[in-house]
There are 2 protein chains.
Amino acid sequence: MAKTAPKKKNPVKGKKPIKSVKSSKYVYFFGSGKAEGLGTMKDLLGGKGAGLAEMTKLKVPVPAGFTITTVACNEFFENKMKHPAGMWEQVLTAMKGVEKSMGMKFGDPVNPLLVSVRSGAKYSMPGMMDTVLNLGITPTTLGGIIKKTNNERFAYDAYRRFITMFGSIVMGIDRQKFEHALERMKSERRITQDTDLDAADLKKLAGEFEAIYEEATLSKFPVDPYQQLKLAINAVFGSWFGERAKKYRKLNGIPDNLGTACNIQSMVFGNTGENSGTGVGFTRDPSTGERKFFAECLINAQGEDVVAGIRTPMHIAELKKTMPKAYSELMVIQQKLEKHYKDMLDIEFTVQEGKLYMLQSRVGKRTAAAALKIAVDMVKERMIDKKTALLRIDPMQLDQLLHPMIDTKASVKVLCKGLPASPGAAVGKVVFTAEVAEKAAANNEKVILVRTETSPEDIGGMHAAQGILTARGGMTSHAAVVGRGMGKCCVVGCGAIDIHEKEKYLIINGNVTVNEGDYLTLNGTTGDVILGEAPLVKPQMNNDFKIIMKWADETRKLGVRSNADTPKDAAVSMEFGADGIGLVRTEHMFFDAGRIKAVREMILSDTKAEREKALAKILPMQKNDFIGIFVEMKGLPVTIRLLDPPLHEFLPHTEAELRELAADMQVPVERLIAKNKLLQESNPMLGHRGCRLGITYPEIYEMQVRAIMEAACELTLKKIKCVPEIMIPLISDINEYKIMDALTVRVAEEVKARYKAKAEYTVGTMIELPRACIISEQIAPIADFYSFGTNDLTQTAYGLSRDDAGRFLPRYIEDGILAADPFMSLDQEGVGFLMKLAAEKGRAVKKKLKLGICGEHGGDPASVEFCHRIGLDYVSCSPYRIPIARLAAAHAALKKEGREISRSTV
Amino acid sequence: MAKTAPKKKNPVKGKKPIKSVKSSKYVYFFGSGKAEGLGTMKDLLGGKGAGLAEMTKLKVPVPAGFTITTVACNEFFENKMKHPAGMWEQVLTAMKGVEKSMGMKFGDPVNPLLVSVRSGAKYSMPGMMDTVLNLGITPTTLGGIIKKTNNERFAYDAYRRFITMFGSIVMGIDRQKFEHALERMKSERRITQDTDLDAADLKKLAGEFEAIYEEATLSKFPVDPYQQLKLAINAVFGSWFGERAKKYRKLNGIPDNLGTACNIQSMVFGNTGENSGTGVGFTRDPSTGERKFFAECLINAQGEDVVAGIRTPMHIAELKKTMPKAYSELMVIQQKLEKHYKDMLDIEFTVQEGKLYMLQSRVGKRTAAAALKIAVDMVKERMIDKKTALLRIDPMQLDQLLHPMIDTKASVKVLCKGLPASPGAAVGKVVFTAEVAEKAAANNEKVILVRTETSPEDIGGMHAAQGILTARGGMTSHAAVVGRGMGKCCVVGCGAIDIHEKEKYLIINGNVTVNEGDYLTLNGTTGDVILGEAPLVKPQMNNDFKIIMKWADETRKLGVRSNADTPKDAAVSMEFGADGIGLVRTEHMFFDAGRIKAVREMILSDTKAEREKALAKILPMQKNDFIGIFVEMKGLPVTIRLLDPPLHEFLPHTEAELRELAADMQVPVERLIAKNKLLQESNPMLGHRGCRLGITYPEIYEMQVRAIMEAACELTLKKIKCVPEIMIPLISDINEYKIMDALTVRVAEEVKARYKAKAEYTVGTMIELPRACIISEQIAPIADFYSFGTNDLTQTAYGLSRDDAGRFLPRYIEDGILAADPFMSLDQEGVGFLMKLAAEKGRAVKKKLKLGICGEHGGDPASVEFCHRIGLDYVSCSPYRIPIARLAAAHAALKKEGREISRSTV
């Protein structure tokens, strides 16, 4: 077993790439109404290639071309960047077909065919990979083009563009060099638009570009068009592993092993004169979803001009005016395509000397609002069924509709980026302490609370602020969790800001100073931190939203509950359509200004009698909270977790604060300092918390159970239905559960007897430690329900503190060591294994064991799908995530039916 | 599922108690050479009952009696303290048999039978449960006894003893009340010995005792002997759940559900005159194991006088002198019994008017040295085979032999001498109560517990102390027996010391005063009591030890390695017979005074270049450590773990220390404070440590791999064999392992190429997180070995920080919530499940995957057995635990063969 040589070069690799089994067909032709490929062959031909084949088959006018498969791409990488055997021969054959179809010849001095070489992966990765246009121009063919078009300006313009693209993309020359030469030329000629350059200018520029090319590559610009083609194909393949592409795939969860296809297609030109043009469009409005052709065009321009935004395109009406025939043909074709694809499409077209060509059609990206409207409309139009409609909407996208957002039309100055912890947008004046935030809010001022990191004492200020910005902490830090729970815009872990709390200013990126009182805008959906007041648009849950939610509820099998700690949260949950509350964190009630004093008294007590005295003060307050929540929930189940965090979390941390508290409590400060020290822990996450507190200080849990049951009994006597589910946290051993269950039942029965009320209740546990999963078959016979606490389960399964992970986890994600932050999206392989184990062991002994999840993952669509798959009864998430979870749950049910979730809405 | 009533009363209960299936036989008779029971029926009859039955069958003279079964005891507890149906009738029947056998009658006014009522559980629990002697004395029978024995003094002595025992044990009267009356009487009569009281005194005393009884119980002393018997049986059963008994069982791992049997046996008296006596003995020396009858006796005394240490017993030679016939009969019987049981026995006997009765025989407790000698000798004597010999020794007991002894070269001041009751040496501060001892131990203070004599209430304190010193009692007194059982240094019967417990000092020989808190040293091997702290040296491992270890090595399948961080540790490991090193914690080298500065420089560096500069200083030091270790280990494998703890552990923590360091490093203190703050973690255990450091700062791991491989290459070139196994800690994801493995292999191969040396090495990982266990099938194909880091695996599986558990874990153990501290003995159910999972998944893909354990559990016999069972290749433990682990590994192998481990050596 001893090692003698390195075993591998690249330690982090995906699964095996897709391979052709026996086929050695690498090239698929399309043109003249015939295509070798099909619209369904996206895996092999990529989205663009499959679309071109499909359009060709539909007799839509498409410039002839061919697609080199993703298999060829993958083999190219396996082959140390060499073409697979036979590929090039197939390319040559296909080229003959293209020449025939177009009536032109590649490299011909008289009637030269030019082609585009474009990447096209299974999933659209806009702008991420490379494209070379006008390929085939050589000194020989250039003359032919001039003659044929009788347009020297056009020919040289095409040539200089080709040199730029080929030089930068294929040969890796800094594109700036070409840009500078162009700028110099324009400046010499005292013009600003490229279009104002005349033929002579462009000819001169082409010469300069050739020189730049020669200087950079130490070789002449290739004069053999097939040589050009070969290099361009290699470059397109190579761009699959370009930095931008890799990053995009990581962000969008696209596997590395798909590979890209390469499309070689005859060039058509929208810039050969005033009867030419180019454009892009959507079959419906991608922003609102309205059913009208939404397109823009440029006359006498190439497609890249539209995409690159170099010239501002005109409304499609312009085309109608200048080229009515092409326009009406386009209108017919776009309708035909939408009917064919049964979805809103994004199309590209070019008119060359009055003749319309379709260059691309694919499912169009759209805003959440548009996605809803299109889905609902298409069901009305009987194009699709309800299930398809549901699958057309990305649950995460709904987030846009649930929070105020920055007006997309506004131009804003993004100063820096943090983690997008809680979505929506917020505008306000910067403040640095919770106290100031609360005061400002009392004066109706809108503020952004900026903290290094937040702690439970900041709750009041967080509530008061419009948004929260922290310099430290991850997606599950205090600020993030609380922010999401409140539905409050929150950006965390923004390392670029340097806070000078005492001096009341912060510095961004070491150069921008923002003082207290200055305005900031936060975008919690993207993590952007923006200077000044950006204009916001209000959220709207319109009728389409409601219809989709109704369909989702009809479809889903999973319950969706909310994590809500107060009557107010409960009310919000009901608005968002919760099926109950999956997690009431009773400790959040403890921080309330009106009761923290009694809580601290309880903690600092030395005897059980003293503790019970302090607890007696808290009991009526807790009881009222529970009554409030039960009333709001109108008889839906409410899972209440007994006290979970270590007691020291409730104490002040600085000596000054302790002194204040001591004076307040009329005890010597030394006692408080000593007690505080005694309570400190090395690893509080693994410390004296959860049911361990219940065992050490049973009087605390007794008080809480009493408060819950008194609330339940009082309501029951008033004939108001309520269903408390009492949850014991942090169970690691069956005996802990037995003792806590016995305590709960004993106190509950005492209360019921005292009230003579038949209040119902159940007792269960949070499954949040690996050992609890392992001994699930011991717990299930006694417990009425489990709720998976996947935050802590993730921390313990990984041995990873979410409070500390910020130091290395971002790098792990960045480098692809972990595919996703396991605190955001459930680690199905590890944590999921434990959940499945617990569920299976539990259900084996108690078939009807109720199972839920109340970690942050309850609002993550992929996690929701996993929960559905392993048979949970419900997920619970922060109130503002409920619609997302409802739709995700519907997707999960449909996926189990075998429906594929549409990627196009991502 | 809603609850309506309490489900259970007692949430923490053991497994179901042993139940008779259909049998309703609760009573087993023995007497006149016949017995209903057998020596093997310990479960049912307890050790004592089974022994009495067996002895009776062997025709050894045993006073007739009967045993009430453990089943009856368990049913008694289940029945709310009522006898099971039919039991009492069986008692009455058996009593008839006893009367017949002894020719006497229970309650008879002329020839009254008296009986003893004693507990007797499956496992011996010396002094832990209650005994009532002389039962059957009533005003009626008393006259008969006087007439029959013609010894009024004896009769009243027996009566007053009976009232004391019955009153205190059965009726719960404070024993002190009787003691005070006795003391008063002696003081009035100006005598010191009980034996100096005459018949009239004792008659008067009996009257006083009756009055005490009446006053305390408000009822007359029972005059019906059967009423006495019934109450006494109930008291014996009840003592099973007495506090002392529960505590003893917890300390010794004896389950609560075994129950105790109750033995009713005819009384014989050793105190009827000078031709009577009583004694206890061992068939071999329980301290050294020497093959000679080792016994003590008291003439004209009852057995309790010996056991309680009230009178200091005489050598057995005394018996030979006074009662030669009884003596020679005893010699024959003890030999016969030892041959029969094939083990060293602990026997009790009484001579009543010249006639010998055997009262008890059981396997005798012994010191580790004796256990070894007896085991080795008995193999030589062909009494037992080697495997039996191995099973006779409790691995944990070897600890005694591995404890330090007083350096013979040191000159020490021996103040006085007591009896050498339990060998070894102990140094500590004097304390006078068990309570203080326990508190001191909780603070990690070493103490010597000094008592006049110990009683079962002192168990906790004896456990906590380094050593025990008593003023009274012999080699078989409570302190001596318990001390040997615990393997704890113990000196007893040291008459030279005069203890003033309340005033907290003792006087030795009337002139040396030793106060609480002063240091004493005990030599349990010689009985020396020494002033101050004597220097201790390592023990010599004698020939018996070596023979047993050799046999263990022949038997065991598991390798035993050590956790050793330095060449010195490595040398000790070799002495103790390690098969290699299972864990070198490289960070321990970092703390060395000579290098901590460079380490801190490295940590405080802001750039990789700075870090590499500091690391370059550490490299040669680490290399030399590794060379030292490799040389000591003589080609045995050495597993080296790369840096594991979070970096802040290496930094000073107070501002003053930081200032000093800053001055030393010539950097502004602010920089160090800032960096220190930056490195602080909320939960360091779950923080930036292990391979996470290797990924963030690859240069650290590169340096360490370089140091290991340079050491290996240099030795290889000198033809010195070494086998480094490089271990990556804290893997939670396969990509972490892939990256770290690639780094290790790359650097290792670079070093080998540079040295042109064919040094071998392997790369593996520590499996210490639940997620690593779950994804084991991904890691195993790449890793050469796993070493289970069960400390961290326990922390994460339980969600329990070792550093913080002190606040509630002791209570968990105390209350039986957890059966054992999971950091001391492996939690086989939870953590073991994960280990088994990882082992099975790993071996499924790599059959020869090397598996070990390097957590603290590697030296715990129960954990070692588990490791054997799940197929590990080796365990690794601290050097001093190696012999324990070697023997435990042999036991594990024998147990798998179906051999039962003997409990008698516990």
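Chain letters run A, B, ... following the sequence lines, proteins first and then strands; every chain starts at 1.
- With chain A as the partner, the residue from B:K758, B:R802, B:R692, B:E768 showing the most heavy-atom pairs under 4.5 Å is B:R692.
- Side-chain contact check for B:L818 versus A:E736: every heavy-atom pair is 4.5 Å or farther apart.
- Rounded to the nearest 0.5 angstrom, A:R689 CZ and B:S801 OG are separated by 12.0 Å.
- At a 4.5 Å heavy-atom cutoff, the contact between A:Q680 and chain B is made by backbone atoms alone.
- Your options are A:A753, A:P646, A:P684, and the one with the most heavy-atom pairs under 4.5 Å with chain B is A:P684.
- Looking at B:D792, there are no atoms closer than 4.5 Å to chain A (heavy atoms on both sides), in backbone or side chain.
- Residue B:F808 touches chain A through its side chain alone, counting heavy-atom pairs closer than 4.5 Å.
- With chain B as the partner, the residue from A:G799, A:C773, A:A748, A:G830 showing the most heavy-atom pairs under 4.5 Å is A:G799.
- Side-chain atoms of B:D804 come within 3.5 Å of backbone N or O of A:N683 as a donor-acceptor pair.
- In terms of heavy-atom pairs under 4.5 angstrom with chain A, the leader among B:L769, B:L743, B:L834, B:V831 is B:L769.
- For B:R811, the part lying near chain A is the side chain, with the backbone staying farther off; criterion is any non-hydrogen pair under 4.5 Å.
- Looking only at heavy-atom pairs under 4.5 Å with chain B, the residue among A:I695, A:D733, A:L693 that has the most is A:I695.
- Under the side-chain contact (heavy atoms from CB on, under 4.5 Å) criterion, A:Q778 pairs with A:I734, A:I775, B:E829, sequence neighbours left out.
- For chain A, the nearby parts of B:L686 are the backbone and the side chain; heavy atoms of each come within less than 4.5 Å.
- Summarising the local packing, NZ of B:K836 is surrounded by 12 or fewer heavy atoms from other residues, nucleotides or ligands at distances under 6.0 Å.
- Taking CG of B:L793 as the reference point, atom CZ of A:R771 lies at 11.5 Å (rounded to 0.5 Å).
- Residues A:D803 and B:E681 have side chains not in contact (no heavy-atom distance under 4.5 Å, counting atoms from C-beta outward).
- Side-chain contact check for A:I739 versus B:I817: some heavy-atom pair is nearer than 4.5 Å.
- Listed for the A:R807 side chain is a donor-acceptor partner under 3.5 Å among the backbone atoms of B:L679.
- The side-chain heavy atoms of A:Y812 and B:T696, taken from C-beta on, include no pair separated by under 4.5 Å.
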- Query: Yes or no on side chain to side chain contact (heavy atoms under 4.5 Å, CB included) for A:T796 and B:Q795, after CA distance, side-chain angles and deciding distance?
  - Reply: CA-CA 8 Å; A:T796 46; B:Q795 296 198 86; over 6 Å; no
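- At a threshold of 4.5 Å between non-hydrogen side-chain atoms, the residues A:F833 and B:L837 count as touching.
- With respect to chain B, the highest number of heavy-atom pairs below 4.5 Å among A:A805, A:A797, A:S732 belongs to A:A797.
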